[in-house]
Amino acid sequence: MAVRTAVIPAAGMGTRFLPATRATPKELLPIYDTPALQFVIDEAAQAGCTRVVIVTSRAKPSIENYASAASTDKVAVTVVYQDSPLGLGHAVSCARQAVGDEPFVVMLPDEIMGDASLTKQLVALYEKSGKSSVGLKRVAAVEVSSYGNVKVADTKIGDATSVEILQVIEKPKPADAVSDIVIIGRYVLSPKTFEKLEQVKPSANGELQLTDALAMLASEHALLGVVSEITRYDTGTPMGLLRAVIEIALERKDIGPQLNSWLKEKFNK
Ligand code: UTP
């Protein structure tokens, strides 16, 4: 079945960006002049999605305002609500009715990708295999404990980068890591994922983790991944956002040369 809907969870508290997030949701903080949320909406459209469902909170009305002007001739943008921030897994389950009984993309708006290639690869893998497929990346050993960590099968599927995921562990202690491969914020999920989310128990911090539903899929041999070297900006922290702003601005034809010469002037003093 074709993948046509993208879900963007945007109902979190954004505590790492206080005090900015008292007034502006994290997802609307600008990468130079364009909100992070817009980058993800554009990526969804480039990957062939015609519907975007943003999961937001009633405490963040500016997301809804932004969404109301974000539809284009390619993509229809709507919102659903998560009444309290009970975790990423819970946020995704809030989109169940809007998505319906069909596969969907989940895109985390605090991870900005250099292009839409990974999401396109995940959509293609889902459409070929019928199995949920998630973005993966190799990281240094010290970074593994910040992510969902996966054990993958030795055999590759189809091309050199697609693998079966055998096990998923959320933020393991370094000694418990099962590989140097982690999940990044792009997922193409089968509608069965909603059933798995219903079975997920709250983690120690009371949140429902999407990773726990993925672990259930993996245990049933129903989870694949694409190991990617895509350019990725983690804009979930102020320093990550600052780096993304500088790097993405440097790449732009309209402002890149100007920023480049200002930076050179500054550092040559
Ligand atoms: P994060 O955990 O990075 O976002 O979730 P957060 O909770 O807003 O950040 P901090 O830790 O307080 O700074 C990743 C994405 O999932 C959404 C967030 O809005 C973010 O886009 N999310 C998270 C939800 O929609 N609902 C939740 O309950 C949790």
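All ligand and atom numbering here is 1-based and tracks the order in the structure.
- Counting non-hydrogen atoms of neighbouring residues, nucleotides and ligands closer than 6.0 angstrom, the CD atom of Glu251 reaches no more than 12 such neighbours.
- When each of Leu189, Leu210, Leu214, Leu208 is tested with Leu197 by the rule side chain to side chain contact (heavy atoms under 4.5 Å, CB included), just one qualifies, namely Leu210.
- Note on Lys120 versus Glu43: no salt bridge recorded, every NZ/NE/NH1/NH2 to OD/OE distance being 4.0 Å or above.
- Residue Lys26 forms a side chain to side chain donor-acceptor pair (under 3.5 Å) with just one option from Asp110, Thr21, Thr15, and that option is Asp110.
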Please tabulate, one line per pair, the protein nitrogen or oxygen atoms found under 3.5 angstrom from a nitrogen or oxygen of ligand 1, with distances to 0.1 Å, or say none if there are no such pairs.
| from | atom 1 | to | atom 2 | distance (Å) |
| --- | --- | --- | --- | --- |
| ligand 1 | 3 (O) | Arg16 | NH2 | 3.0 |
| ligand 1 | 3 (O) | Lys26 | NZ | 3.2 |
| ligand 1 | 3 (O) | Asp110 | OD2 | 2.9 |
| ligand 1 | 4 (O) | Lys26 | NZ | 3.0 |
| ligand 1 | 8 (O) | Met13 | N | 3.1 |
| ligand 1 | 8 (O) | Gly14 | N | 2.8 |
| ligand 1 | 9 (O) | Lys26 | NZ | 3.3 |
| ligand 1 | 11 (O) | Arg16 | NE | 3.2 |
| ligand 1 | 11 (O) | Arg16 | NH2 | 3.3 |
| ligand 1 | 12 (O) | Gly14 | N | 3.3 |
| ligand 1 | 12 (O) | Thr15 | N | 2.7 |
| ligand 1 | 12 (O) | Thr15 | OG1 | 2.6 |
| ligand 1 | 13 (O) | Thr15 | N | 3.1 |
| ligand 1 | 13 (O) | Thr15 | OG1 | 3.4 |
| ligand 1 | 13 (O) | Arg16 | N | 2.8 |
| ligand 1 | 13 (O) | Arg16 | NE | 2.9 |
| ligand 1 | 19 (O) | Ala11 | N | 3.3 |
| ligand 1 | 19 (O) | Gly12 | N | 2.8 |
| ligand 1 | 19 (O) | Glu27 | OE2 | 2.7 |
| ligand 1 | 21 (O) | Pro9 | O | 2.8 |
| ligand 1 | 21 (O) | Glu27 | OE2 | 3.3 |
| ligand 1 | 25 (O) | Ala10 | N | 3.4 |
| ligand 1 | 25 (O) | Ala11 | N | 2.8 |
| ligand 1 | 26 (N) | Gln82 | OE1 | 2.7 |
| ligand 1 | 28 (O) | Gln82 | OE1 | 3.3 |
| ligand 1 | 28 (O) | Gln82 | NE2 | 3.3 |
| ligand 1 | 28 (O) | Leu86 | N | 3.3 |
| ligand 1 | 28 (O) | Gly87 | N | 2.7 |
| ligand 1 | 28 (O) | Gly87 | O | 3.3 |

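- The ring pair (Phe, Tyr, Trp, His ring centres under 6.0 Å) search around Tyr233 returns none, not counting sequence neighbours.
- A salt bridge links Glu111 with Arg232; the closest basic N to acidic carboxylate O contact falls under 4.0 Å.
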